[in-house]
Amino acid sequence: MMTQYRFSDIEKKWQKIWAESNLHKVEENHEKPKYYVLDMFPYPSGAGLHVGHPLGYIASDIVSRYKRLNGFNVLHPMGYDAFGLPAEQYAIQTGQHPEQTTAANIQTFRRQLDLMGFSFDWSRELRTCDPDYYRWTQWIFGQFFQHWYDKKEQKARHIREIENHFSKYGSQGIEAACTESINFTAAEWNVLDAKMKADLLNNYRLAFIDFTTVNWCQELGCVLANEEVVNHPEKGPVSERGNYPVVRKKMKQWSLRITAYADRLLSGLNQLDWSDSIKEIQRNWIGRSEGAEIQFGLESNGHELPPVSVFTTRPDTIFGATFLVLAPEYEGLQALCSETQTEAVLAYANAAKNRSEIDRMADTRKTGVFTGNHAIHPFTKKPIPVWVSDYVLAGYGTGAIMAVPAHDERDFDFAKAFDLEIIPVIKPQDASLELPLTAAFSAKDGICFNSDFLNDLSVKEAISKAIAQLETQRLGKRRVNYKLREAGFGRQRYWGEPFPIIFDDAGIPQMVETLPVLLPLVESYKPTGTGESPLAGVAEWVQTPAGRRETDTMPGWAGSSWYFFRYMDPQNGQAFAGQEALNYWKQVDLYVGGSEHATGHLLYSRFWTKFLFDLGFVGVEEPFKKLVNQGMIMGEDGQKMSKRWGNVVNPDDVCAQYGADTLRMYEMFLGPLTDSKPWNTNGIEGVSRFLNKFWRLFFNGETFELSGEAPTPEELKILHKTIKKIKSDIEQMSFNTAVSAFMVATNELGALKCKKRAILEPLIILISPFAPHIAEELWQYAGHSGSIHLAAWPAHDEQFLTESSFEYPISINGKTRTSITFNLDADPAVIESAVMADEIVQRWMDGKPLKKFILVKGRIINVVV
RNA sequence: GCCCGGGUGGCGGAAUAGGUAGACGCGCAGGACUUAAAAUCCUGUUGUCAGCAAUGGCAGUACGGGUUCGAUUCCCGUCCCGGGCACCA
């Protein structure tokens with residue numbers, strides 16, 4: 001009977017000892033360099049964990065343990081993102097308070113996480129739904145509310161400073177991030193009443209009340225996200241759940257002015273050690289484009305009409321602009337229509353308003369209505385018609401475009417649909433355009449023609465020149481535009497952070513000073529049907545002596561946008577984290593989590609960090625220095641692991657059958673961390689076999705055996721190449737090849753029957769980050785009283801790896817034919833003559849003369865004939 | 001449509017400052033130990049052709065070209081898969 005290693009006893013034993021001795025508790029320690037390893041904290045769903053969830057946790061745990069062995073003071077915390085919709089929906093169905101279900105779910109999660117032997121410092125655990133936590137989420141919101149963004153200084157400043165400025169100088173000299181730019185004098189400001197001042201300041205606050213268009217479902221009594229709305233063939237837009245009609249409705253909504261930070265969010269990406277794909281996703285989401293804003297005066301037919309500003313990235317095509325198009329939601333649209341066309345335009349705008357986003361997206365046929373009026377081309381002074389069409393979006397640029405049908409596909413389609421003029425002004429560099437155009441020529445490497453002062457310039461030159469000309473003639477200016485929209489921050493839900501806001505009798509929002517504002521108990525979690533959150537029904541909470549409370553709650557991402565700072569000092573009652581802790585831990589060195597948060601959590605966290613940086617609370621502008629996105633583990637059938645497909649593998653079962661160490665190593669062995677890959681039950685057997693083999697390296701039958709015998713060069717070479725390989729693999733997060741290196745070392749040492757302490761003991765340390773329990777047990781067997789996780793990482797010594805000779809593959813014309821061993825310091829001339837004298841080489845040369853002899857030292861020899 | 005990744009045995013995957021393609025594991029086939037099974041160990045395993053065999057030839061990293069003494073790796077074109085964005089002017 002072979003010794004079987006008893007993982008179940010061993011794992012239970014050590015997990016208990018580690019917990020009781022607080023082995024993983026960490027404090028600030030200025031003697032050691034710090035390292036902060038963070039996992040994206042989980043939402044504690046009722047389903048518990050499946051084997052896909054711990055993938056990233058295992059990787060981060062390996063790095064944490066590796067860093068500790070290398071002398072780093074490692075912060076490796078865990079907590080729960082506990083506010084959110086599923087708990088609330090469960091409450092609606094069962095009447096159970098979300099707090100109860102959340103607490104129960106957290107217990108399950110904790111039990112499952114403990115099974116896998118992670119080295120989290122649980123004394124720092126946090127939950128976003130805990131009042132001691134969310135009081136600081138509310139506090140940070142309050143800071144957003146009390147600040148505005150100064151574009152000149154590129155930072156957030158206190159709202160009092162802009163008030164002071166307004167009272168002395170009006171809006172003159174202020175360049176602020178705002179909803180709309182308004183000009184007024186100090187005198188005008190000073191005569192405003194308190195409510196009017198508050199409304200005006202709302203235009204500048206970083207947390208402000210916005211009016212946004214939402215998908216409103218009367219039947220469900222709530223607002224729906226775009227993805228919750230589907231298109232019904234007869235009824236039009238309906239809710240995904242229940243098929244109830246959905247209309248677009250303007251609603252008051254708290255928002256955060258994230259666009260103020262668009263520039264910095266974009267440029268900050270360059271310094272981050274993140275995957276290119278996720279940086280690219282954020283770049284696209286921010287969507288910076290450079291171009292010009294151009295003013296078009298309108299032909300007045302008797303009465304004066306306001307000018308229309310358009311945004312374009314192609315001012316070089318200005319001479320090809322043959323009409324303007326306004327969005328159906330264009331501000332002041334009605335005033336721009338001629339009398340005869342007003343009715344048609346308004347009918348069109350109204351129809352467009354109720355078309356769902358998806359509908360508008362899916363349908364690329366061009367529709368539109370002529371306003372009946374003309375604009376004046378800024379250079380040619382010719383009149384060009386002004387149209388309205390829903391292919392122009394109100395929310396981007398100015399909500400109006402100059403259409404250049406010859407060089408923009410959409411404008412081309414529109415011009416064809418309504419028989420509008422098409423004037424080509426850009427031609428390919430080395431050819432002329434084929435006329436008439438059958439499609440827009442939108443290449444950006446052409447040459448201008450038909451374009452007055454831009455003729456013969458390249459597109460790039462023409463863009464600069466056109467802007468310069470527009471600026472000198474005061475017809476327009478350079479402008480940078482972003483796709484990024486303000487971040488809607490209010491939810492008509494119960495299970496979230498209440499806003500620390502009370503509207504006083506004048507309707508002015510006032511910051512609540514005493515935090516936290518506790519989430520009150522409600523009787524029903526159901527939507528009220530009025531568009532308000534269930535909190536609106538708690539009269540005694542809503543009505544306060546100071547006024548009426550805001551009844552919306554914050555979105556799921558509020559609590560997760562700053563939790564990484566709270567871990568640094570989780571019990572602090574005076575601040576979201578103390579200065580000392582913030583200065584010591586600074587930022588997350590390694591962040592591991594899924595890529596699905598690219599445009600949500602990861603962007604918002606960067607935004608909040610930059611804001612807290614501006615206020616001087618934190619010393620870093622970026623929260624996550626290095627980010628690694630682990631892939632998904634699919635079911636054995638290749639589909640996403642889900643109850644629905646019946647392919648879920650539970651880590652509890654795997655731990656019971658094979659042990660946590662096997663599960664950990666197997667998940668790492670599956671393939672590169674960042675790839676998605678299927679689970680394979682057979683594969684885990686191989687890793688289980690390996691760990692047993694590893695265990696047996698140390699045993700002779702039933703007895704543990706380590707000898708003090710001096711190791712041979714061959715054994716030393718195996719050890720040192722393994723140390724080197726594991727170190728570099730962990731640092732590159734190539735865990736699958738690290739596991740394979742352990743297998744190779746075990747196979748080789750097993751074959752040599754090596755039982756020497758000098759070789760095997762360092763090997764236990766190497767494997768301890770991967771398989772912490774078995775390593776701890778073997779370490780104890782080896783006679784150590786302290787934990788292996790407090791040991792030091794062995795250093796590899798190159799001298800054991802250097803070879804004196806090398807077996808050179810010999811290729812003739814690039815095809816390997818034989819191999820000959822030479823000393824590495826042998827004279828190339830000697831090698832050449834030896835190779836040329838070789839029988840096999842001679843045979844393949846077949847009497848042809850030698851053309852070239854290539855020797856790459858320690859690599860290859862190639863004979864060219 | 002645009003922007004990122006990526007295509008290597010029966011399977012998961014190794015190997016890229018260009019240098020012996022297929023490490024490691026799974027699966028499969030054969031063998032040892034055993035009354036038997038489990039466990040463990042050993043051998044083989046890209047395809048194909050020749051040979052009783054040891055062995056050897058040819059082809060081969062999605063496809064077609066190119067650069068090079070030499071290409072899975074670099075360049076150009078095509079196809080396919082995954083992800084992101086999408087009437088963003």
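Letters go in sequence order (proteins before strands), and every chain restarts at 1. This one's a predicted model, so the numbers in the text were calculated from it and none came from an experiment.
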Please list each protein N or O that sits under 3.5 Å from an N or O in nucleotides 5-10 of chain B, with the distance.
none

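- Toward the 5' end of RNA chain B, the nearer of the two residues A:Glu280 and A:Tyr482, judged by each one's closest nucleotide, is A:Glu280.
- Relative orientation of the A:Phe379 and A:His377 rings is tilted, given thresholds of 30° and 60° on the angle between their planes.
- Every residue was checked against the side chain to side chain donor-acceptor pair (under 3.5 Å) condition with A:Tyr666, not counting sequence neighbours, and none meets it.
- Glycosidic conformation of B:G9 is syn; the angle stays within 90° of 0.
- Partners of A:Phe770 by ring pair (Phe, Tyr, Trp, His ring centres under 6.0 Å), not counting sequence neighbours, listed by chain and number: A:Phe742.
- For the C1' atoms, the distance linking B:A37 with B:G51 amounts to 41 Å, nearest Å.
- With distances taken from any side-chain atom of A:Pro672 to the nucleotides B:G12, B:A14, B:C69, the minimum falls on B:A14.
- A salt bridge does not link A:Glu839 to A:Arg843: none of the charged nitrogens lies less than 4.0 Å from a carboxylate oxygen.
- In this structure, A:Arg817 atom CZ and B:G70 atom C1' are separated by 13 Å, rounded to whole Å.
- Rounded to whole angstrom, the span from the CH2 atom of A:Trp844 across to the C1' atom of B:C58 amounts to 10 Å.
- Between B:U43 and B:U78, the distance separating the two P atoms is 49 Å to the nearest Å.
- To the nearest whole angstrom, the two P atoms, one in B:C24 and one in B:A32, are 25 Å apart.
- Atom name P, nucleotides B:G7 and B:U61: the rounded distance is 13 Å, in whole Å.
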Can you pull every protein N or O that's under 3.5 Å from an N or O on nucleotides 15-25 of chain B?
from, atom 1, to, atom 2, distance (Å)
B:G25, OP1, A:Asn747, ND2, 3.1

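- Rounded to the nearest Å, the gap between the C1' atom of B:C87 and that of B:C79 is 29 Å.
- Between A:Phe414 and A:Tyr391, the two ring planes are tilted [angle within 30° to 60°].
- Consecutive Watson-Crick or G-U pairing (both distances under 3.5 Å) extending over three or more pairs maps onto RNA chain B as B:1-7 with B:79-85, B:10-12 with B:24-26, B:27-32 with B:40-45, B:46-50 with B:55-59, B:62-66 with B:74-78.
- Residues forming a ring pair (Phe, Tyr, Trp, His ring centres under 6.0 Å) with A:Phe370 (at least two apart in sequence, or on another chain): A:His374, A:Trp387.
- Listed nucleotides: B:A59, B:C85, B:A89. Nearest to the side chain of A:Leu393: B:A89.
- Atom C1' of nucleotide B:G13 and atom CE of A:Met668 are separated by 15 Å, given to the nearest angstrom.
- Listed by chain and number, the residues in a ring pair (Phe, Tyr, Trp, His ring centres under 6.0 Å) with A:Trp557 are A:Phe489, A:Tyr604 (sequence neighbours excluded).
- Rounded to whole Å, the distance from CZ on A:Arg696 to C1' on B:C41 is 9 Å.
- Comparing the same atom, C1', in B:A89 and in B:C2 gives a spacing of 15 Å after rounding to whole Å.
- A:Lys279 comes within contact range of no nucleotide atom at all, as no heavy-atom separation falls under 4.0 Å.
- Every ring pair (Phe, Tyr, Trp, His ring centres under 6.0 Å) that A:Phe694 has, sequence neighbours left out, goes to A:Phe698.
- For the pair A:Phe412 CZ and B:G1 C1', the computed distance is 16 Å after rounding to whole Å.
- Under the side chain to side chain donor-acceptor pair (under 3.5 Å) criterion, A:Ser255 pairs with no residue, sequence neighbours left out.
- Spacing between atom CG of A:Asn284 and atom C1' of B:C4 amounts to 8 Å, rounded to whole angstrom units.
- Taking atom P on both nucleotides, B:C76 is separated from B:C81 by 23 Å, rounded to a whole Å.
- Both A:Ile684 and A:Arg485 lie close to RNA chain B; mapped to their nearest nucleotides by heavy-atom distance, the more 5′-ward contact belongs to A:Ile684.
- Taking atom CD of residue A:Gln282 and atom C1' of nucleotide B:G84, one finds them 12 Å apart after rounding to whole Å.
- A side-chain donor-acceptor contact under 3.5 Å links A:Thr322 to the backbone of A:Glu421.
- Atom CD1 of A:Ile463 is separated from atom P of B:A89 by 12 Å (rounded to the nearest Å).
- Applying the salt bridge (charged side-chain N to carboxylate O under 4.0 Å, His left out) test to residues at least two apart or on different chains, none of the pairs has a partner in residues 317-328 of chain A.
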Validation: residues 856-864 of chain A side-chain donor-acceptor distances under 3.5 Å, sequence neighbours left out:
from, atom 1, to, atom 2, distance (Å)
A:Asn862, OD1, A:Ser811, OG, 3.1
A:Asn862, OD1, A:Gly814, N, 3.1

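- In this pair, A:His601 and A:His597 present their aromatic rings perpendicular. The plane angle is above 60°, beyond the 30 to 60° band.
- For the side chain to side chain donor-acceptor pair (under 3.5 Å) test, residues two or more places apart in sequence or in another chain that qualify with A:Glu803 are A:Lys717.
- Residue side chain A:Lys366 reaches the base of B:C87 through a donor-acceptor N/O pair under 3.5 Å, judged by distance alone.
- For the C1' atom pair drawn from B:A39 and B:U34, the interatomic distance equals 11 Å after rounding to whole Å.
- At a threshold of 4.0 angstrom between heavy atoms, the contacts of A:Ile281 are confined to the sugar-phosphate backbone, with no base atom among them.
- For A:Arg283, no side-chain nitrogen or oxygen approaches OP1 or OP2 of B:C85 to under 4.0 Å.
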